[in-house]
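Numbers restart at 1 for each chain; the letters A, B, ... are given by sequence-line order, proteins then strands.
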Amino acid sequence: MIRAAVISSGVEGIESYFLSNAKVNYEVVEVTKNFNPDFSDIDLLIVPNGSDHIAMSKIKDKIRKFLDQGKSLFCFDGWFTDWIPGNQWVMSNEKKTIDIRYNIKTDKYNLFDGVDLNELIFYHGISGWWACGYIENAKNADVILEDTWHRPIIVLDENTTNGTILLTASAPLGDKEAIPVDNEASCSALSKLYHNILDLILKKKEHENHRTLI
Amino acid sequence: MKTIGLLFNGVWSHYTFATAPKYRDIIKLIYVHDFDKDAIKGLKALIIPFQSNQKAIVQHKTTIYNFLAEGHKVFVEGDSTMDWIDAKWEDRPVNNYWWVKDPKNPPISETDFSHPIYNGLTPRHSCWHTHGSYTSMPSSAKAIQKKPDGEIISWETNQYGGTLFATTLDPIVEHGVQQITHLDNYVDKLIYWLSGDKVSGNFEVPKANYGIAVL
């Protein structure tokens, strides 16, 4: 089982974004004035949409150490501060949302298996609803999903640190409540993608446990 | 001179809004965990945006009401239960596609266009989408915007000294998100109402604003 911490910046409803199940147990970690969380018993750190990136930046050394221990980070938000090793999110209004389309670029773990890409692109016929801006990815990171102008939207970085970093350009992922839509198809596509990513982390953890045993 | 405080939850849309060249000389970012009476000293108004840390804000209820008692303005984007306000907010589905599916029926049907924020705005500029409804408001408050079913979207009261304005619209956050291109109209009127500062021009955020270090 994955032991995951979900960062909460006091925005209502976060407890329903990520629901514990047989493969993952979530613990909500609140940002407070003297934010200094202990991640020693955690395998996966999740930074959802609407997070406090001032607080995250203040613990960036701790996060780097956490990743260098082989652990995992998901960030589904726009990190305007510099706390994620090697990768930077940037917002831009240069391109029109009506022109936004997504393409799968490098998906070596088949994270998009069973995911209808059109449900990420269109919501009630409107495109560009899911992600915001783009990611300037680290040199050796995989761009899993890119937009019309080849700007990275989902990045998987297994090289900058000893751990695994999965980033979206401020595009929400999680269980149903984490996704602000009333369209069941979009909800299920994004939940499916999220659970495929979780399965990857679970496989990596099981592989690591097996390697330790032998 | 900075005249308006924005209670900042470390969220990216708060940051992009307040650091955009168009507004940065007027808006003071006040990190919610550093909020106290000294942080708002000398300001004319305070903005409490969508995606705020309500648990942290409720600890500063007295500071906010003292600021109002001094005759200042407080503008609140209501998107959740707020234990520091005498009004009841309830969640509702967000309809942000009405303008494609049913453009003649926007989520807001009544707006008091005599209010200084709305005076001169078109109906389209005064409504994009809403995040829930107010099902009650303070005893002396007046409704400024309502839905077709009568639920309250925006209200205002002077019963605490200054002016407390609350709405389930999210002009600050959506302007920071930069995907609704007409929001300069609403936000520029809002800024003028809050502080008397006139702003004009387009909203842009320089790329150099991203990737900052926090000391």
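Heavy-atom neighbours of chain B within the stretch residues 67-81 of chain A, taken at a separation under 4.5 angstrom, comprise A:Asp77, A:Gly78, A:Phe80, A:Thr81. Taking non-hydrogen atoms and a 4.5 Å limit, the residue list of residues 135-151 of chain A in contact with chain B, ordered by number, reads A:Glu136. Among the residues in residues 169-187 of chain B, those with a non-hydrogen atom closer than 4.5 angstrom to a non-hydrogen atom of chain A are B:Val177, B:Gln178, B:Gln179.
When heavy atoms are compared at a cutoff of 4.5 Å, A:Thr97 approaches chain B solely by way of its side chain, counted from C-beta outward. Using a 4.5 Å cut-off between heavy atoms, A:Thr32 touches chain B through its backbone atoms (N, CA, C, O) alone. Heavy atoms closer than 4.5 Å to chain A are found in both the backbone and the side chain of B:Tyr97. The contact between B:Ala213 and chain A is made by backbone and side chain atoms together, counting heavy-atom distances below 4.5 Å. In this structure, no portion of B:Phe50 lies under 4.5 Å from any heavy atom of chain A. Contact of A:Trp89 with chain B is made through backbone and side chain together, with heavy-atom distances under 4.5 Å. Residue B:Ser13: no heavy atom, backbone or side chain, is found under 4.5 Å from chain A. For a residue to count as touching a neighbouring chain, one of its non-hydrogen atoms must lie under 4.5 Å from one of that chain's; by this rule B:Asn95 does not touch chain A.
In this structure, A:Met91 and B:Val205 have side chains that are not in contact, with every pair of non-hydrogen atoms separated by 4.5 Å or more. Between A:Ser51 and B:Trp12 the shortest side-chain heavy-atom distance does not fall below 4.5 Å. Side-chain contact between B:Asn96 and A:Trp129: absent, with no pair of heavy atoms (C-beta onward) separated by less than 4.5 Å. Residues B:Val100 and A:Ile126 have side chains in contact (heavy-atom distance under 4.5 Å, counting atoms from C-beta outward). You'll find the side chain of B:His33 reaches within 4.5 Å of the side chain of A:Val31, heavy atoms only. Side-chain contact check for B:Asn9 versus A:Val11: some heavy-atom pair is nearer than 4.5 Å.
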Inset, instruction - Run the numbers on A:Asp52 and B:Tyr31 for side-chain hydrogen bond (donor to acceptor under 3.5 Å, both in side chains), then give the verdict. - result: CA-CA 10 Å; A:Asp52 180 343; B:Tyr31 186 47; 2.6 Å; yes
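Ranked by heavy-atom pairs shorter than 4.5 Å toward chain B, the options A:Ala55, A:Ser9, A:Ser92, A:Ser57 are led by A:Ser9. Interface check for chain B: of the options A:Glu12, A:His124, A:Lys60, the most heavy-atom pairs under 4.5 Å are formed by A:His124.
Residues satisfying the side-chain hydrogen bond (donor to acceptor under 3.5 Å, both in side chains) test with A:Asn118, not counting sequence neighbours, are none.
When atom types are taken as modelled, the side chain of B:Lys55 and the backbone of A:Gly10 share no donor-acceptor pair closer than 3.5 angstrom. A:Asn93 places no side-chain N or O within donor-acceptor distance of the main-chain N or O of B:Glu204, the cut-off being under 3.5 Å.
Atom CD of A:Glu94 sits in a sparse spot, with 12 or fewer heavy atoms from other residues, nucleotides or ligands closer than 6.0 Å. Residue-environment remark: NZ (A:Lys108) exceeds the threshold of 12 foreign heavy atoms within 6.0 Å. Counting non-hydrogen atoms of other residues, nucleotides and ligands closer than 6.0 Å to NZ of A:Lys23 gives a total above 12. Within 6.0 Å of NZ in B:Lys73 there are more than 12 heavy atoms belonging to other residues, nucleotides or ligands.
To the nearest 0.5 Å, atoms OH (B:Tyr210) and CG (A:Asp82) are separated by 15.0 Å.
Across every non-hydrogen atom of A:Gly50 and B:Val11, the tightest pair is O-CG2, 3.8 Å.
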